[in-house]
Amino acid sequence: MTGWQVLAAARRVTYCPVALALRDEFTGGSPVTEPELLLDRQVGTQWLPSGIPPVRTGAGIFVWPGLGRSFDPAAAPLARVRARIALAHQIPLYRAADDGIEFDVPAYNDANSPAVSTLMPQIVLLLPGPSYPFSRNLRVLRGRVLDPGGEPVSDALLVADGVERAMSGSGGAFSLPLRWQPSGGNVAIDVTHPRSGMAALVAATLPADLAGSFDITVS
């Protein structure tokens with residue numbers, strides 16, 4: 001029987017500074033559809049596409065192994081990257097305030113390890129967008145978020161009675177589930193748009209406001 005021999009000169013050490021675990025906030029499970037993950041590199045004041053695809057682990061975590069590997073780590077000890085996520089029916093919660101999730105990427109090679117702590121996957125919550133496939137028997141408040149001029153507001157966060165959340169899509173449309181509310185009465189809808197500072201607090205009346213479009217103006 002032949003034993004294994006470690007060839008030190010042939011060994012390559014790979015680190016992974018970015019790891020994302022996507023979670024559907026409504027169900028607590030995986031995304032409804034296959035997500036598209038994009039990684040950008042910061043060059044000066046701009047974000048440029050890196051073209052580097054993620055790797056999906058057996059546990060469903062998206063990682064970019066090998067980022068930061070460099071021939072000369074001392075020449076560029078730290079880089080900055082941004083991960084962006086696109087889905088058909090869900091909107092990442094980070095969209096309320098940011099275009100992506102930013103990470104520092106320390107440089108390393110086989111002789112010089114990066115100065116990093118133990119990697120823990122970052123949980124990315126995915127909220128229902130306007131086309132989320134809710135079951136037919138579920139009450140859903142549908143409408144649009146508008147600014148004072150009547151223009152649609154995307155990436156606005158809507159919270160119903162502090163227990164259900166959704167986000168508005170590119171046209172300002174939203175679909176807010178109402179699982180825990182009684183069949184009749186008022187529901188407090190808190191709408192915030194951190195990017196602009198606009199907000200609104202309105203009351204929806206059930207079941208009347210479930211019909212048609214419940215439009216909300218933030219200011």
Side-chain angles (χ1 to χ4, degrees), residues 3-127 129 154-157 165 167 169-170 192-197:
W4 291 101
Q5 182 179 1
V6 177
L7 301 178
R11 293 177 63 182
R12 288 171 62 94
V13 179
T14 297
Y15 295 89
C16 179
V18 181
L20 302 176
L22 309 190
R23 180 177 299 170
D24 182 342
E25 183 175 87
F26 182 73
T27 65
S30 302
V32 173
T33 58
E34 189 66 20
E36 179 184 17
L37 284 85
L38 304 172
L39 192 71
D40 303 324
R41 291 184 181 273
Q42 189 176 41
V43 180
T45 59
Q46 293 183 310
W47 290 101
L48 302 179
S50 71
I52 304 174
V55 174
R56 192 170 190 169
T57 70
I61 298 171
F62 292 89
V63 297
W64 282 266
L67 282 181
R69 188 175 185 85
S70 173
F71 177 77
D72 184 7
L78 196 66
R80 188 79 169 168
V81 299
R82 178 182 70 178
R84 294 181 289 124
I85 304 166
L87 302 106
H89 306 298
Q90 297 162 286
I91 302 173
L93 179 58
Y94 70 74
R95 288 285 312 173
D98 299 299
D99 290 334
I101 306 173
E102 298 181 17
F103 298 87
D104 286 325
V105 179
Y108 74 95
N109 58 23
D110 291 331
N112 300 276
S113 300
V116 294
S117 58
T118 303
L119 176 68
M120 295 295 291
Q122 180 165 335
I123 296 175
V124 182
L125 293 178
L126 310 175
L127 272 57
S154 61
D155 299 323
L157 176 63
R165 300 198 296 182
M167 290 188 69
S170 59
T192 56
H193 190 248
R195 290 175 182 260
S196 66

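Note that the structure is predicted; figures quoted are calculated from it, not measured. When reading the values below, keep in mind they use all heavy atoms of this one structure, side chains included, and skip hydrogens, waters and symmetry mates.
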**Q.** Option from Val18, Ile52, Ile101 for which side chain to side chain contact (heavy atoms under 4.5 Å, CB included) with Val81 holds
**A.** Val18
Q: State, to 0.1 Å, how close Ser154 and Gly169 come at their nearest heavy-atom pair, and which atoms those are.
A: CB-O, 3.0 Å
Q.
Contact between Arg41 and Leu67 at the side-chain level, heavy atoms closer than 4.5 Å - yes or no?
A. yes
(Q) Asp104: which residues meet the salt bridge (Lys or Arg N to Asp or Glu O under 4.0 Å) condition with it, sequence neighbours left out? (A) Arg80
Q. Counting only N and O atoms by type, is there a donor-acceptor contact under 3.5 Å from the side chain of Thr57 to the main-chain atoms of Ala59?
A. yes
Q: If a pair satisfies ring-ring contact (aromatic ring centres under 6.0 Å, His included) and one of its residues is in residues 80-105, list it, with sequence neighbours excluded.
A: none
**Q.** Heavy-atom pair of closest approach, residues Ile61 and Ala21
**A.** CG1-CB, 4.3 Å
Q: Provide the closest heavy-atom pair for Leu87 versus Pro31 in the form atom of the first, atom of the second, distance.
A: CD2-CB, 3.7 Å
Q: Give, for atom CG of Asp40 and atom CD of Glu102, the distance between the pair rounded to the nearest 0.5 Å.
A: 9.5 Å
**Q.** ring-ring contact (aromatic ring centres under 6.0 Å, His included) contacts in which one or both residues fall within residues 19-70, not counting sequence neighbours
**A.** Phe26-Tyr132, Phe26-Phe134
Q: Applying side-chain contact (heavy atoms from CB on, under 4.5 Å), run through Arg84 and Arg95 and close with a yes or a no.
A: CA-CA 9 Å; Arg84 294 181 289 124; Arg95 288 285 312 173; over 6 Å; no
**Q.** With Arg23 via salt bridge (Lys or Arg N to Asp or Glu O under 4.0 Å) - residues at least two apart
**A.** none
Q | Partner set under salt bridge (Lys or Arg N to Asp or Glu O under 4.0 Å) for Asp24, not counting sequence neighbours | A | none
Q. What pairs with Glu25 under salt bridge (Lys or Arg N to Asp or Glu O under 4.0 Å), at least two apart in sequence or on another chain?
A. Arg165
Q | Pairwise distance CG(Asp155) to NE2(His193) - rounded to 0.5 angstrom | A | 6.0 Å
Q: Identify the residue among Leu39, Asp99, Asp98 that makes a side chain to side chain contact (heavy atoms under 4.5 Å, CB included) with Arg82.
A: Asp99
**Q.** side chain to side chain contact (heavy atoms under 4.5 Å, CB included) partner of Gln90, the single match among Leu126, Leu22, Ile85
**A.** Leu126
Q. Measuring from Leu93:CG to Leu127:CG, what's the distance to the nearest 0.5 Å?
A. 5.5 Å
**Q.** Over 12 foreign heavy atoms within 6.0 Å of CD, Gln46
**A.** no
